[in-house]
2 protein chains.
Amino acid sequence: MDLRHLRYFIAVAEEENIGRAAARLHISQPPLTRQIQQLEEELGVRLFTRTPKGMELTQAGELFLEEARNIRSVVEQATERTQRAGQGKLGRLDIAIFGSGILGTIPRLLLAFRNDYPEVKTVLHTMTKAEQIEALRQRRITVGFNRMLAPLPDLATELVATERLLVAINEHHPLAREESVPFQSLAEHPMVLFPTGARPNFMDKVMRLCEAAGFVPQVSQEVGDAVTGVALVAGGFGVCLVPESVTALTLPGVVFRPLQDAPANASIDLSCLYRADDQSPILSAFLETVRAFRDTQTIETPADIRSATGWDADM
Amino acid sequence: MDLRHLRYFIAVAEEENIGRAAARLHISQPPLTRQIQQLEEELGVRLFTRTPKGMELTQAGELFLEEARNIRSVVEQATERTQRAGQGKLGRLDIAIFGSGILGTIPRLLLAFRNDYPEVKTVLHTMTKAEQIEALRQRRITVGFNRMLAPLPDLATELVATERLLVAINEHHPLAREESVPFQSLAEHPMVLFPTGARPNFMDKVMRLCEAAGFVPQVSQEVGDAVTGVALVAGGFGVCLVPESVTALTLPGVVFRPLQDAPANASIDLSCLYRADDQSPILSAFLETVRAFRDTQTIETPADIRSATGWDADM
DNA sequence: CACGCTCAATACCTTCAAGGTATCGTTTCG
DNA sequence: CGAAACGATACCTTGAAGGTATTGAGCGTG
């Protein structure tokens with residue numbers, strides 16, 4: 001049996017007349033007669049009773065008509081869904097984020113993607129950078145978000161956002177009195193550093209910046225993630241350099257200050273990481289959304305930073 | 001798209017290798033390659049990623065595999081159900097019965113049919129003989145049960161059972177004292193007659209029997225159906241000739257007695273009526289069951305009558 | 001490094017069935 | 001009784017499914 005048989009059968013059943021059905025199907029009458037005969041023979045069932053007026057469905061034919069229409073709609077839905085899946089509009093995207101990735105940029109990006117591709121189910125996995133790379137190799141995830149990425153074989157990256165560095169300061173700390181903090185002045189205060197994970201990491205970046213500025217930071221504590229770091233600032237452990245998006249995390253007693261006379265490289269990239277050989281249309285769609293998102297962010301920067309950094313609230 | 005495409009696609013998806021899939025499908029490799037290409041082109045979707053090791057499903061392919069398997073099973077079920085319908089094993093049978101038809105033979109027959117063809121839904125309609133004929137003409141029913149059928153054009157009959165006539169008598173009535181009633185003696189007692197419906201009817205039959213025996217019955221009351229007739233017997237309106245199956249209806253104060261020296265034709269046929277041109281396999285199946293049922297009834301008659309007539313209970 | 005192995009893809013031929021035209025046999029209706 | 005309408009049949013044409021032979025690409029191994 002063939003889908004053509006079903007199409008023909010439905011036409012004949014609906015027209016109750018082989019000639020009209022043939023016209024509707026844009027074929028001539030005899031082939032249609034034969035196709036119907038074939039169908040009946042293959043099923044071993046009389047589907048029509050031939051009357052001088054035309055074709056009339058038998059009870060079995062009546063049932064088969066329902067079934068045929070059902071099959072037709074199931075097939076239509078299947079192709080339609082598959083096509084949507086092929087265009088990256090339907091399916092599942094496994095995404096890895098790092099500890100403090102839930103803050104700031106990433107949720108807004110994910111929301112934008114969800115908005116453009118509502119039928120793609122996004123599944124978030126919290127992973128360290130090393131775990132992400134491993135998971136990408138094993139295809140357990142399709143994209144990972146990260147900072148401080150060294151070039152990796154077989155993996156490609158797409159820049160999501162470039163964030164300035166800010167200083168997290170306890171509100172009673174002397175540096176909190178100024179609206180911005182000279183980078184040099186960090187030399188004189190104990191500093192909390194993070195994360196302690198796989199190199200190169202954000203800690204290395206900070207160390208290099210200090211080195212370039214001609215001092216070695218007084219490390220009061222090393223911690224695993226930004227949330228812990230800011231919490232220690234609240235506890236009076238010292239100051240802490242953080243990427244801008246961490247300001248989404250407001251802790252009582254902590255204020256964020258921009259760097260004054262900051263070195264040109266006092267900023268850090270947030271990128272997403274994916275298999276270079278991955279042709280998945282969902283990934284393409286996601287990367288496309290990332291690029292669009294990055295552009296809108298760049299344009300909207302001024303207003304965005306004012307609210308995102310929480311200056312108004314702190315002043 | 002074609003069901004063949006789906007079959008081929010499933011094979012390739014399962015084997016992850018065109019060569020092996022081709023072997024499994026008993027075709028050679030190149031046509032299979034082309035069919036898969038065709039399918040992808042028609043859908044506009046890459047279903048497989050070609051690797052040196054073989055064929056690997058894309059995400060869209062994964063989805064389409066599920067859909068394809070689903071379609072396959074839907075089609076299988078459709079053909080299977082249609083075939084059962086074509087063999088009269090699945091479907092619906094609209095049956096007409098007359099007022100007191102719920103008594104005795106018919107329910108047992110229907111039960112037997114239900115047992116042989118559990119997936120045929122039987123729908124009962126209560127109709128008079130005239131209504132049945134009309135409904136058969138309009139195809140609103142497929143079979144009707146009736147007594148006293150004159151040959152009808154376009155309609156055929158099948159004998160279901162031949163029932164003896166019994167006399168329903170009030171237990172205080174003088175005739176109730178004997179174990180059987182001489183037909184002649186009915187001449188001396190008022191008689192309830194039924195039904196008053198379309199001729200020829202059971203009333204005509206009784207009149208002819210009396211005429212043959214040389215008397216005219218004293219008609220105390222004419223009623224529409226057997227149930228009412230027997231109820232009037234209970235109320236003392238006289239005796240009433242009834243078909244054997246009416247004994248299934250036990251009313252307090254009423255006993256049933258066989259006829260003694262009954263004329264050879266003191267019996268009445270229960271038949272079912274159907275369109276002579278009806279080729280429906282369900283009807284054929286039903287008529288087959290009727291014939292089988294009629295035979296078992298004939299064989300089992302002795303024991304059957306003893307219990308069905310209720311003699312034991314009345315004696 | 002080259003050779004062979006294993007894939008899928010391509011080229012080209014064959015065949016069978018789907019589709020077309022012409023015609024027939026019935027039944028119905030004017 | 002002839003015309004019209006309907007499905008069935010006979011016979012021809014063609015396109016696509018299937019077959020064989022071969023190519024080309026990636027991998028592993030001697």
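What you see below is based on every heavy atom in this structure, not just the backbone, and it leaves out hydrogens, waters and symmetry mates. Convention: sequence-line order gives letters A, B, ...; per-chain numbering from 1.
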**Q** Report the distance from atom CD1 of Ile36(B) to atom P of dT10(C), rounded to the nearest whole Å.
**A**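 So the two atoms are 14 Å apart, to the nearest Å.
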**Q** Do the side chains of Met55(A) and Asn17(A) get nearer than 4.5 Å, heavy atoms only?
**A**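 Contact flag for Asn17(A)/Met55(A) side chains = no.
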**Q** Is there a side-chain contact (heavy atoms from CB on, under 4.5 Å) between Thr289(B) and Tyr117(B) once you walk through the steps?
**A** CA-CA 10 Å; Thr289(B) 305; Tyr117(B) 295 87; 3.9 Å; yes
**Q** If the cut-off is 4.0 Å, is Gln38(A) near the phosphate of dA18(C), judged by side-chain N/O to OP1 or OP2?
**A**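 Yes.
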**Q** Axis-to-axis angle across the helix from dC1(C)-dG30(D) to dG30(C)-dC1(D), five pairs an end, to 10 degrees?
**A**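 The angle, to the nearest 10 degrees, is 10°.
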**Q** Starting at CD of Gln37(A) and ending at P of dA18(C), how long is that distance when rounded to a whole Å?
**A**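 After rounding, the gap between these two atoms is 12 Å.
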**Q** Report yes if the side chains of Arg140(B) and Asp94(B) come closer than 4.5 Å at any heavy-atom pair, otherwise no.
**A**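 Answer no - side chains too far apart.
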**Q** Could you pull out the closest heavy-atom pair between Leu155(A) and Arg275(A), with the gap in Å?
**A**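 That would be CD2-CA, 3.8 Å.
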**Q** Let me know the distance between CZ of Arg4(A) and P of dA17(C), rounded to the nearest Å.
**A**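 After rounding, the reported distance stands at 12 Å.
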**Q** Answer yes or no: is there a side-chain heavy-atom contact under 4.5 Å between Asp277(A) and Asp154(A)?
**A**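 Asp277(A) does not reach Asp154(A) side chain to side chain.
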**Q** How far apart are the closest heavy atoms of Phe286(B) and Cys272(B), and which atoms are they?
**A**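 Heavy atoms of Phe286(B) and Cys272(B) come nearest at CE2-SG, 4.4 Å.
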**Q** Would you say the side chain of Arg81(A) lies within less than 4.5 Å of the side chain of Leu90(A), judging by non-hydrogen atoms?
**A**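 They are in contact (side-chain heavy atoms under 4.5 Å apart), so the answer is yes.
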**Q** At a heavy-atom distance below 4.0 Å, which nucleotide of DNA chain D is the first touched by chain B, and which is the last?
**A**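 With heavy atoms of chain B under 4.0 Å away, the range is dA17(D) to dC27(D).
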**Q** Rounded to whole Å, please give me the gap between CG in Leu39(B) and C1' in dA8(C).
**A**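 Answer to the nearest Å: 17 Å.
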**Q** Hey, does Tyr8(B) reach any base, or is it just sugar-phosphate, or nothing, if we go heavy atoms under 4.0 Å?
**A**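 Sugar-phosphate, backbone atoms only, no base.
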**Q** Take the protein atom CZ of Arg7(A) and the nucleotide atom C1' of dG19(C), then report the distance between them rounded to whole Å.
**A**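 In whole Å, dG19(C) C1' and Arg7(A) CZ are 13 Å from each other.
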**Q** So, for Phe9(A) and Phe64(A), which heavy atoms are closest and what is the spacing to 0.1 Å?
**A**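 Looking at all heavy atoms of both residues, the closest pair is CE2-CD2, 3.5 Å.
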**Q** Within residues 23-34 of chain A, find the residues that approach DNA chain D with a heavy atom at under 4.0 Å, and present them sorted by residue number.
**A**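 Those residues are Gln29(A), Pro30(A), Thr33(A).
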**Q** Do Arg69(B) and Glu14(B) make a side-chain contact, defined as non-hydrogen atoms from C-beta onward lying under 4.5 Å apart?
**A**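 Result yes, sub-4.5 Å side-chain heavy-atom pair found.
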**Q** Any idea which heavy atoms bring Met127(B) and Ala96(B) closest together, and the distance?
**A**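 Scanning both residues, the minimum pair turns out to be SD-CB, 4.0 Å.
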**Q** Mind calculating the distance between NE2 (His5(A)) and C1' (dA18(C)) to the nearest angstrom?
**A**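 Checked: the NE2 to C1' distance equals 9 Å.
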**Q** Using a 6.0 Å cut-off, check whether atom CZ of Arg50(B) has over 12 heavy atoms from anything other than its own residue.
**A**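 For Arg50(B), atom CZ is crowded (more than 12 foreign heavy atoms under 6.0 Å).
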**Q** Measure CG/Asn17(A) against P/dT28(C) and give the value in whole Å, please.
**A**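 In whole Å, dT28(C) P lies 16 Å from Asn17(A) CG.
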